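Naming: A, B, ... by sequence-line order, numbering from 1 per chain. Because the structure is predicted, anything quoted here is derived from the model rather than measured.
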Amino acid sequence: MSKYNFKQIEAKWRENWEKMDINPRDESKPKMYCLDMFPYPSGDGLHMGHWRGYVLSDVLARRALMDGHFVIHPMGWDAFGLPAENFAIENEIHPEKAVRDSIEFFKRQLKEIGAMYNWDMELNTTDPEFYKWTQWIFVEMFKRGLAYEKEMPLNWCEACKVVLANEEAAGGECERCGGITTKRNLRQWMLKITDYAQRLLDDLEGLNWPEKVKKMQAEWIGRSHGARIHFPVQGRDEKIEVFTTRPDTLFGATFMVLAPEHPLTAKIVATSHAAEVEEYVKNSATISNVDRMAKKDKTGVFTGAYATNPLSGADMEIWVSDYVLADYGTGAIMCVPGHDERDFEFAKKFGLPILQVISPDGSLYELEEAYLGEGVMVNSGDFNGTGSEAGREAVANHLAERDLGCATINYRLRDWVFSRQRYWGEPIPLIHCGNCGVVPVPYDDLPVTLPHVASYKPTDTGESPLALIDEWVNTPCPDCGGAAKRETNTMPQWAGSSWYFLRYLDVGNRGQIISGQKAEKYLPVDYYVGGVEHAVLHLLYARFYTKFLYDIGVVGFEEPFTRLFNQGMINRFGKKMSKSAGNGVSPDEILPKYGCDTLRMYILFIGPPELDAEWTDTGIEGVYRFLNKLWRLVAENAPKVAPATAEHEKIRHKMIRDITWRIDNLSLNTAVSGFMEYTNKLSELARGAALDQETLETLVIMLAPFAPHIAEELWEILGHNESVFRQPWPVYDAAKAADDMITMVVQINGKLRANTQVSADIDKDAAIAAAREAVAARLEGQTIVKEIFVPKKLVNFVVK
RNA sequence: GCGGAUGUGGUGGAAUUGGUAGACACGCAGGACUUAGAAUCCUGUGCCUAAUAAGCGUGGGGGUUCAAAUCCCUCCAUCCGCACCA
């Protein structure tokens, strides 16, 4: 009998699979679109984190195939953007070549996973045939007013020399390099994702996604209900508009604060205070986001100007402080120190008046700190005695009647900064014409291809390197034919990945982004598997794009990913496995030693797929031993199979029941341990008598999604010449899987005292009689107060 | 500060959802085979014990229940997300 030679087997089946189609396009079957988050190919190759996700999705895909589905399981390359470009710059290789090489490398490594991909659907976001449609979507958005230009202070990363979206600069750090970001005023293209805020929030509810991810998105969208209120500036024809969630505290608003970037700051400042304010504003522009946020003490300056509280009529000093954010709400706030911690702190520090307007019990007292809770309105004129919650609406209505404000919904979500001053991205397909203004590139001229250039490094000027290529930049205006210039900014990393999942299904379509018929038939994605790091950015953008494409009639659904699964990280020595931490294990070093099937099964065995897991070098040895044992079990018994005994049959049905349940509940680690259990059991059984063919076949069929190469080989050894993946998933008979005799537990006062073998369908009286007998000695002299019988489980005697 | 996850033997983890805690595997110990090793197989392995007796045991404390890793309250630790969002 031959030994388990994984090298030979895996090479053989990789080759066989290239020739045979184990997942034929049988459209009579229900479809299952199982999608992996496609990688951005870098020179580093695949790591264990990729493996964990890709093995998991492959098990789901193959399981669905054997369950009678037509499976769509494509793979592609997210190759535009900073990672690819930075890699190219560091290694002084043109990004085009770097990406080409990396894709080749990645593809070779991906094939080593042994995953069942539809390589005929492969796509690459840097392929002009693909980004033609990325540009087309942008043009469609532009035509509908969803893309607009704006000069604004933006997150600027000094190291990457690039503008970052708020999402990419969260916490004041560049998501790519971890460097500090500062604010810089630049002209940018924006996408009005805020128009979709409510829909993006509402539709989260129906998604089968991890609750955590849904919460993160909801928080990011950040809907809050409140009011907009206008405050007249004294002595000037200006108004300060604020947003507040607590209009009920308006009588307690004793001063106002503007963000340093607020456009009114310069207009209203008193001459006597101008120098000081200017200095403060200048200072906060240069201070980095990190420092600004890390600052504990509040700072600020008085503008010398006053506003009037529209309800109380009180004079309010207008201050400038960086604790007010320019890009949330209106960039200005009314300050209610009595009922807001931050305003309280500011008022204390600068000696501003503090007024109580909400009281938990209606009484007035000296406030030691801001009172944030609910209560009744006090010091509030006609509103005195109104409950604070009812007061929110009452005050908002009162203001609306007098044209002083209105109830409103505010979102934390901001419009998406969509342009990048980089070479390696999709050119934004717009043309600037002196006569016609901004004109989109006509459909027939798409794609606007990225010119091949020698110098692609970023500049310090805040302009894309494309701006230096005169022959590319200068182009006739599509409308008037006059001299015009191309937009030189490119799109962000996320552009391609926001819609790529549509294109897989119609990669060859030259006339449409996707045919309506195909979109209808194959979409949306049923299962999306990938890391939790995309919880907000990629997944929010993809949802936004999908809703837009729905609105313009390209697709008939509003949500792209019905079900989402986030796999956990793989740690080693208690830390995330990574090259930089020096604790990484590369698949390249594991594969020659143990093979693909062992690594696949080990990664699944390591722990629940949604949790982080600890890699151990000895752990994989155990899985390798198991596959060897399983190999011996099947290969040794194949030639001498016997008819099934009742015992074999029972084990087979139980095995199908147990393992199928575990797989379908995504408890893949216990599914693997199930294979181990049954392999151990059957090995023991085989020592007595030869096993039957069907039991061995069942084991091999169920193993196939997990360890496809060895399963195919053993299937062949069992006498078949067709792929094991043509087999339907085995079914079990509940009656045949059930035990006749069970071990019944006997407890006294909930403590285990005996085990007894009884018939599975024993009735209560008989069970209690058997239990009494089993613990007779212990019951002597005791009074039984209660007898509890749980069928198929236990009897518990409660004694005094 | 807010939100979420996790906490079980020496280790990774299991417990089909309130019913035998520790499946499966790693490690360790002993044994078989072998000149020896590798591989393989067998036995044991939560703690305390001479014990297959009793007791203790799922981060700590309290509670509900005949019965709690599982439900409730409270505290602690670790990790993740958000964070001056008015």
Expressed as a whole number of angstroms, how long is the span from A/Lys654:NZ to B/U16:C1'? 15 Å
Taking the C1' atom of each, how far is B/U65 from B/A14, in whole Å? 25 Å
Here the salt bridge (Lys or Arg N to Asp or Glu O under 4.0 Å) pairs for residues 601-612 of chain A, sequence neighbours left out, are none
Is A/Arg778 touching bases, backbone alone, or none of the nucleic acid, heavy atoms closer than 4.0 Å? sugar-phosphate
Mind checking the C1' distance from B/A23 to B/G60? Whole angstroms is fine. 28 Å
Could you pull out every donor-acceptor pair under 3.5 Å between side chains of residues 769-790 of chain A and any protein atom, sequence neighbours left out?
from     : atom 1 : to       : atom 2 : distance (Å)
A/Arg772 : NH2    : A/Glu787 : OE2    : 2.8

Quick one: list whatever passes side-chain hydrogen bond (donor to acceptor under 3.5 Å, both in side chains) with A/Tyr411, sequence neighbours left out. A/Gln198
What integer distance in Å separates A/Glu345:CD from B/A86:P? 17 Å
side-chain hydrogen bond (donor to acceptor under 3.5 Å, both in side chains) partner of A/Tyr280, the single match among A/Thr303, A/Thr299, A/Thr265: A/Thr299
Give each protein N/O atom lying under 3.5 Å from an N/O atom of nucleotides 41-48 of chain B, with the pair distance.
from  : atom 1 : to       : atom 2 : distance (Å)
B/C41 : OP1    : A/Arg632 : NH2    : 3.2
B/C42 : OP1    : A/Arg687 : NH2    : 3.1

Rounded distance (Å) that lies between atom P of B/A83 and atom CG of A/Asp327: 12 Å
For A/Asn755 and A/Thr743, which I'm curious about, is there any donor-acceptor pair between the side chains at under 3.5 Å? no
Upstream residue (5' side of RNA chain B) when A/Ala332 and A/Val623 are each assigned their closest nucleotide: A/Val623
Shorter than 3.5 Å, N or O on both sides, protein versus nucleotides 6-12 of chain B: list them out with atom names.
from  : atom 1 : to       : atom 2 : distance (Å)
B/G12 : O2'    : A/Ile606 : O      : 3.1

What distance, rounded to whole Å, do you find between the two P atoms, one in B/U45 and one in B/G62? 32 Å
For nucleotides B/G55 and B/A68, find the distance between their P atoms and express it as a whole number of Å. 15 Å
Every protein N/O within reach of nucleotides 18-22 of chain B N/O, cut-off under 3.5 Å:
from  : atom 1 : to       : atom 2 : distance (Å)
B/G19 : N2     : A/Gln747 : OE1    : 3.4

Please list, chain by chain and in numerical order, all residues satisfying side-chain contact (heavy atoms from CB on, under 4.5 Å) with A/Lys654, sequence neighbours excluded. A/Lys650, A/Arg657, A/Tyr678, A/Ala737, A/Asp739
Atom CD of A/Glu317 with >12 non-hydrogen neighbours under 6.0 angstrom: yes
Taking side-chain contact (heavy atoms from CB on, under 4.5 Å) as the test, write out the residues that go with A/Lys349, two or more places apart. A/Asp297
Using a 4.0 Å heavy-atom cut-off, does A/Arg753 contact any base of the nucleic acid, only the sugar-phosphate backbone, or nothing at all? sugar-phosphate
Integer angstrom distance from the C1' of B/U6 to that of B/A53: 38 Å
Without decimals, in angstroms, what is the distance between A/Lys215 NZ and B/A83 C1'? 17 Å
Rounded distance in Å - CH2 (A/Trp220) to C1' (B/G3): 15 Å
Can you tell me, in whole Å, how much space there is between the C1' of B/G46 and that of B/U20? 15 Å
What residues form a salt bridge (Lys or Arg N to Asp or Glu O under 4.0 Å) with A/Glu241, not counting sequence neighbours? A/Arg228
For a quick check of understanding: with a heavy-atom distance under 4.0 Å over all strands, which category does A/Asn628 fall into, base, sugar-phosphate or nothing? nothing
Test item: side-chain donor near acceptor, A/Lys576 and A/Asn583, under 3.5 Å: no
Taking the P atom in each of B/G22 and B/G10, what is the distance between them to the nearest angstrom? 16 Å
Salt bridge flag under 4.0 Å for residues A/Asp664 and A/Arg63: yes
Which whole-number value in Å describes the distance from A/Trp631 CH2 to B/U40 P? 16 Å
What pairs with A/Thr670 under side-chain hydrogen bond (donor to acceptor under 3.5 Å, both in side chains), at least two apart in sequence or on another chain? A/Ser667
For a quick check of understanding: with a heavy-atom distance under 4.0 Å over all strands, which category does A/Asn680 fall into, base, sugar-phosphate or nothing? sugar-phosphate
What residues form a side-chain contact (heavy atoms from CB on, under 4.5 Å) with A/Lys593, not counting sequence neighbours? none
Counting just side-chain N and O atoms, does A/Lys786 come under 4.0 Å of either OP1 or OP2 of B/C66? yes
Please give the distance between the C1' atoms of B/A69 and B/G19 as a whole number of Å. 13 Å
Within 45 degrees of the axis of the six-membered ring of A/Tyr323 and under 6.0 Å from its centre: does A/Lys298 put its NZ or CZ there? yes
Pairing annotation in dot-bracket form, given for RNA chain B with Watson-Crick or G-U pairs under 3.5 Å and | for cross-strand partners: (((((((..(((......[....)))((((((.......))))))((.......))..(((((..]....))))))))))))....
Looking at A/Val745, A/Ile768, A/Ile762, which hits side chain to side chain contact (heavy atoms under 4.5 Å, CB included) with A/Val795? A/Ile768
